[in-house]
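As a basis for the values below, the full set of heavy atoms in this structure was taken, side chains included, without hydrogen atoms, waters or symmetry mates. Numbering starts at 1 and runs along the sequence shown.
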Amino acid sequence: MSTTSGIPRSTRARRTAAAAGAVAAAAALLATGLTTGTAGAADASDTAPSATAVKLSPSHRAELLREANDTTVRTASTLGLGAQEKLVVKDVIKDGDGTTHTRYERTFAGLPVLGGDLITHETRGGKLKGVTKATKATMKVASTRAKLAPSTAERAAIKAARADDAKLAKADKAPRKVIWAADGKPTLAYEAVIGGLQADGTPNELHVITDANTGKELFTFQGVKNGTGSSQYSGEVELGTAKEGSGYTLTDSERGGHKTLDLKNGQGSQGEAFTDDDDKWGTGKPEDAQTAAVDAHYGAALTWDYYKSVHGRDGIKGDGQGATSNVHYGQNYSNAFWQDSCFCMTYGDGEGNTHPLTSIDVAAHEMTHGVTSATANLTYSGESGGLNEATSDIFATAVEFNANNGEDVGDYLIGEEIDIRGDGSPLRYMDKPSKDGSSLDNWDENAGDVDVHYSSGIANHWFYLASEGSGAKEINGVTYDSPTVDGSKVEGIGRDKAEKIWFKALTTYMTSNTDYAAAREATLKAATDLYGADSAEVKGVDAAWAGVGVK
């Protein structure tokens, strides 16, 4: 799926061996780049407030970002970065004990460094106690003057997009010069972003990285991450709306002004506002255009509330600003997707335009892509891409359980309401991902070459094992039977703890190039921070990773 509907396009057949190697090398670098920090509380209580992120108001967050921006030169010096390197502040997390985790992008000689992101971990007093880097390589290139013209890189990128069956492939702007550092050896490169449409009608934002001196394609990844009212899937629900003129619009002022708009079955990105005179929306039937909007608007509100109440995050970026939901994309379009470029999530109406992809878990999945982009920014390719997709599935599941909706009860199934296969089966299964016929239950050395919607199964399976444990059981009327790769028995630590551990790992210890081995280290560190080094939670996290073949 673009992201949530989960119908992936085939893995790009023409990916070069060099590009595949870049993913593996970058992943290996990150596995060694994760530093250890101080352990959290030694008890095993539900949460250790000292290591849990505090809720930051938009003004407090802005103040912390300003402070970090004012000290980037000093921080770069403390980290031993070169004279031509500069840090650009991206995000900040503050724990209850005053520890601050600041996420930076990096530039070299004024050029963006792709794969150069890092996170500093400082005590309340401002002392550096650790740093997590996407790469440990020294930033240097022979010259920042390219031998190839940008137009050459653009033509090659368009050719690559067309080879992947893209339609109307074109670059919206000239390629930008960058330093490509994700494979461990910094290389002067061009990054071209090719627009148009993917083969299934999804908007295209294919990023093509080309060596600026040789013209060799180094890497590619997709920027579009594919997924009171009467709703189709959740019954009668309350909606955040706004009075405008003589009527109302789907504008949620309590949640950063989040809007839900109507694309009227077009394939653009600029929808029109829904309006209603009496503030009673939809009929619960897909024939009413408002119904899909009710589901999407409700799902966005649930997701916003979940991140704020459970993790203390005020909106996707943590800045209190709402995004946009677009419904009724295309004709018979069985997909949904997130785009950073418009800060929006977009939903098709499914086969026959009768099953909009707007269920709670689909909405939460798409919105979570925005959270991932604003934090770890896991590259949407290789193992990091699988982790990106799994993160959206993990929190989609968490939001669905947290919603406690009687019509769409919490489960470890993804897309069970939207009937995308036409046979009533869910899109994905977390207890045994391979039940969908394609997803991976366990890690192996080829996981990075599998479509990200299928390699996500490894982390989805980990989350189920960590939450509920292995073996047969019934939860909310759904039967599960989760195996382990080695036949071991895993005792779950509880879903609430597993989701808190994953969120802390995502926001505090994962970077753009994190692979499965590094994700294991990140979650173990997060569990240690939250529950203590010798806790049952740390042991449970480790056992769950062993259960999916990651050691």
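- The side-chain hydrogen bond (donor to acceptor under 3.5 Å, both in side chains) analysis of residues 57-71, with sequence neighbours excluded, yields the pairs Ser57-Ser59, Arg61-Asp91.
- The side-chain hydrogen bond (donor to acceptor under 3.5 Å, both in side chains) search around Thr368 returns Tyr307, not counting sequence neighbours.
- Of the inter-residue distances, the one linking Thr75 atom OG1 with Leu87 atom CG reads 6.5 Å to the nearest 0.5 angstrom.
- Nearest heavy atom pair, residue Gly469 against residue Ser482, reads O-CB, 4.2 Å.
- Applying the side chain to side chain contact (heavy atoms under 4.5 Å, CB included) rule to Lys308 yields the partners Trp304, Asp314; only residues at least two apart in sequence or on another chain are considered.
- Take Thr107 and apply the side-chain hydrogen bond (donor to acceptor under 3.5 Å, both in side chains) test, not counting sequence neighbours, and it matches no residue.
- Listed by chain and number, the residues in a side chain to side chain contact (heavy atoms under 4.5 Å, CB included) with Ala527 are Ile501, Val538, Val541 (sequence neighbours excluded).
- Aromatic pair Trp462/Trp502: centroids less than 6.0 angstrom apart.
- Note: Thr372 OG1 to Met367 CE = 12.5 Å, rounded to the nearest 0.5 Å.
- Defined by atom type and a distance below 3.5 Å, a donor-acceptor pair is present between the side-chain atoms of His369 and Glu389.
- A salt bridge does not link Asp117 to Lys90: none of the charged side-chain nitrogens sits closer than 4.0 Å to a carboxylate oxygen.
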Return a table of donor-acceptor pairs under 3.5 angstrom between the side chains of residues 542-551 and protein atoms on other chains or two or more places apart.
from   : atom 1 : to     : atom 2 : distance (Å)
Asp542 : OD1    : Arg520 : NE     : 3.2
Asp542 : OD1    : Arg520 : NH2    : 2.8
Trp545 : NE1    : Thr523 : OG1    : 2.8

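- Judged by distance alone, the side chains of Ser325 and His297 never bring a donor and an acceptor atom under 3.5 Å apart.
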For residues 78-85, run the donor-acceptor check on the side chains, cut-off 3.5 Å, and write out each pair with its distance to 0.1 Å, sequence neighbours left out.
from  : atom 1 : to     : atom 2 : distance (Å)
Thr78 : OG1    : Arg74  : O      : 2.9
Glu85 : OE1    : Arg106 : NH1    : 2.8
Glu85 : OE2    : Gly82  : N      : 2.7

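- If you take CG on Leu387 and CD1 on Ile458, they are separated by 8.0 Å, rounding to the nearest 0.5 Å.
- The only member of Asn405, Thr358, Thr303 that meets side-chain hydrogen bond (donor to acceptor under 3.5 Å, both in side chains) when paired with Tyr298 is Asn405.
- Checked against the 6.0 Å centroid threshold, Phe401 and Tyr412 count as a close aromatic pair.
- For the side chain to side chain contact (heavy atoms under 4.5 Å, CB included) with Ser359, the qualifying choice from Asp295, Ile414, Ile418 is Ile418, the only one to do so.
- When the options Glu400, Glu499, Arg313 are evaluated for a side-chain hydrogen bond (donor to acceptor under 3.5 Å, both in side chains) with Tyr306, the one that passes is Glu499.
- Partners of Lys435 by side chain to side chain contact (heavy atoms under 4.5 Å, CB included), not counting sequence neighbours, listed by chain and number: Tyr429, Asp431, Lys432.
- Applying the side chain to side chain contact (heavy atoms under 4.5 Å, CB included) criterion to Val485, with sequence neighbours excluded, gives Asn442.
- With sequence neighbours left out, Phe463 forms a ring pair (Phe, Tyr, Trp, His ring centres under 6.0 Å) with no residue at all.
- In this structure a side-chain-to-backbone donor-acceptor pair under 3.5 Å is present from Thr484 to Gly487.
- Applying the side-chain hydrogen bond (donor to acceptor under 3.5 Å, both in side chains) test to His101 and every residue at least two apart in sequence or in another chain returns Asp95, His121.
- Taking NZ of Lys500 as the reference point, atom CG of Leu530 lies at 9.0 Å (rounded to 0.5 Å).
- Distance OG/Ser467 to CD1/Ile493: 7.0 Å, rounded to 0.5 Å.
- Here Asn402 contributes atom CG and Asp305 contributes atom CG; the two are 8.5 Å apart, rounded to the nearest 0.5 Å.
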Practice problem: Begin from the C-alpha positions of Thr132 and Lys525 and carry the test side chain to side chain donor-acceptor pair (under 3.5 Å) through to its verdict. | Solution: CA-CA 12 Å; Thr132 304; Lys525 179 64 175 68; over 6 Å; no
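- Here Lys489 pairs with Glu491 under the salt bridge (Lys or Arg N to Asp or Glu O under 4.0 Å) rule; sequence neighbours left out.
- Phe343 and Gly322 make their closest contact through CE2-O, 3.7 Å (heavy atoms, listed as atom of the first residue, atom of the second, distance).
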